[in-house]
2 protein chains.
Amino acid sequence: MKIDDAAARLEALGNPTRLKIYRALVRAGDNGLSVGRLQTRLDVAASTLSHHLKTLLVVGLITQERQATTLICRANYGLMQGLIEFLVDECCVETICAPAPSKMPSQSAIVVLKGKGTSR
Amino acid sequence: MKIDDAAARLEALGNPTRLKIYRALVRAGDNGLSVGRLQTRLDVAASTLSHHLKTLLVVGLITQERQATTLICRANYGLMQGLIEFLVDECCVETICAPAPSKMPSQSAIVVLKGKGTSR
DNA sequence: CTTCTATTTCTATTATTCTAGAAATAACAG
DNA sequence: CTGTTATTTCTAGAATAATAGAAATAGAAG
């Protein structure tokens with residue numbers, strides 16, 4: 001993942017309204033949620049919701065599938081995992097070549113995550 | 001982590017310049033990097049860099065430690081892990097109570113990550 | 001074709017963010 | 001105190017984003 005793509009995706013998630021939308025879709029799983037269902041759940045103007053959905057769609061964080069007049073939205077899990085891996089990979093790579101052998105306290109948290117990177 | 005905090009952190013990472021700053025610090029590990037070192041590496045105006053560092057600092061994504069006249073910046077790994085867990089937890093919780101037993105294709109990616117949540 | 005529901009596009013307003021030059025401050029050395 | 005380096009705060013202009021009302025479009029049903 002390129003850094004500008006990653007930034008665009010993080011920015012898309014970095015708005016409270018859009019993050020709520022995204023989380024609702026993550027919770028919904030593969031069933032997804034229609035735009036209208038999202039609107040009543042999150043109590044936001046239809047045009048505002050549509051605007052935010054487009055933002056999430058453009059960066060690939062969600063997908064949409066039309067079922068007659070309703071649009072089903074779903075979170076794109078694979079892309080989320082790619083984003084997470086982008087955030088944690090390359091962690092501390094420069095530390096190896098540097099002195100500072102003594103204290104390395106806060107590293108465990110990331111190591112735990114790094115060890116888990118399966119599908120890339 | 002509250003949703004507004006998570007959004008603020010994602011927004012902080014959602015600017016290409018700030019994401020580069022953050023990644024440089026993640027790469028640097030616990031040695032960290034001084035503000036001046038970051039400036040020459042990323043080739044950004046000092047005032048702009050200071051502005052972005054403050055943004056990252058306010059949301060807790062980085063820490064700063066003064067060493068005489070220079071300020072050492074470090075990534076806050078623990079907070080990053082918290083953010084990642086916020087993004088993937090509650091995944092698909094509503095699907096359990098819903099029909100749709102057949103297709104569940106894209107779930108593995110998240111399940112892999114969910115199983116790893118150790119320190120919270 | 002008309003109507004109905006679902007959703008988007010258009011439009012405008014208000015608010016926020018990005019950027020960087022200039023001036024100010026912090027910490028130290030001499 | 002003076003000078004020097006490192007960093008921040010002030011300021012301001014340009015750009016971008018958030019919100020939502022109104023109008024337009026999509027698809028299906030009658």
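So that the names make sense, note that chain A is the first sequence line, chain B the second, and so on, each numbered from 1.
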For A:V88 and B:Y77, what are the C-alpha separation, side-chain angles and deciding distance, and is it a side chain to side chain contact (heavy atoms under 4.5 Å, CB included)? CA-CA 9 Å; A:V88 301; B:Y77 303 128; over 6 Å; no
It should be established whether A:K54 places a side-chain nitrogen or oxygen under 4.0 Å from OP1 or OP2 of nucleotide C:dT7. no
Show the atom names and distances, to 0.1 Å, of all donor-acceptor pairs under 3.5 Å that link a side chain in residues 43-60 of chain B to residues at least two apart or in another chain.
| residue | atom | partner | partner atom | Å |
| --- | --- | --- | --- | --- |
| B:H52 | ND1 | B:R18 | NH1 | 3.0 |
| B:T55 | OG1 | B:H51 | O | 3.2 |

Applying side chain to side chain contact (heavy atoms under 4.5 Å, CB included), can you list everything that pairs with A:R27, at least two apart in sequence or on another chain? B:E90, B:V93, B:E94
In 5'-to-3' order, the base (B), backbone-only (S) or no-contact (-) status of each nucleotide in nucleotides 17-30 of chain D, using a 4.0 angstrom heavy-atom cut-off, is -SBBBB----BS--
Contact check, side chains of A:L79 and A:L61, non-hydrogen atoms, under 4.5 Å: yes
Over how many whole Å does the gap from [X] atom [atom1] to [N] atom [atom2] extend?
{"X": "B:L71", "N": "D:dT5", "atom1": "CG", "atom2": "C1'", "value": "13 Å"}
{"X": "A:L38", "N": "C:dA6", "atom1": "CG", "atom2": "C1'", "value": "13 Å"}
{"X": "B:L49", "N": "C:dA20", "atom1": "CG", "atom2": "C1'", "value": "12 Å"}
{"X": "B:L53", "N": "C:dT19", "atom1": "CG", "atom2": "C1'", "value": "15 Å"}

Using 0.5 Å steps for rounding, measure from the CD1 atom of B:I72 to the CD atom of B:E65. 7.0 Å
Between A:R23 (side chain) and B:F86 (backbone), is there a donor-acceptor pair under 3.5 Å? yes
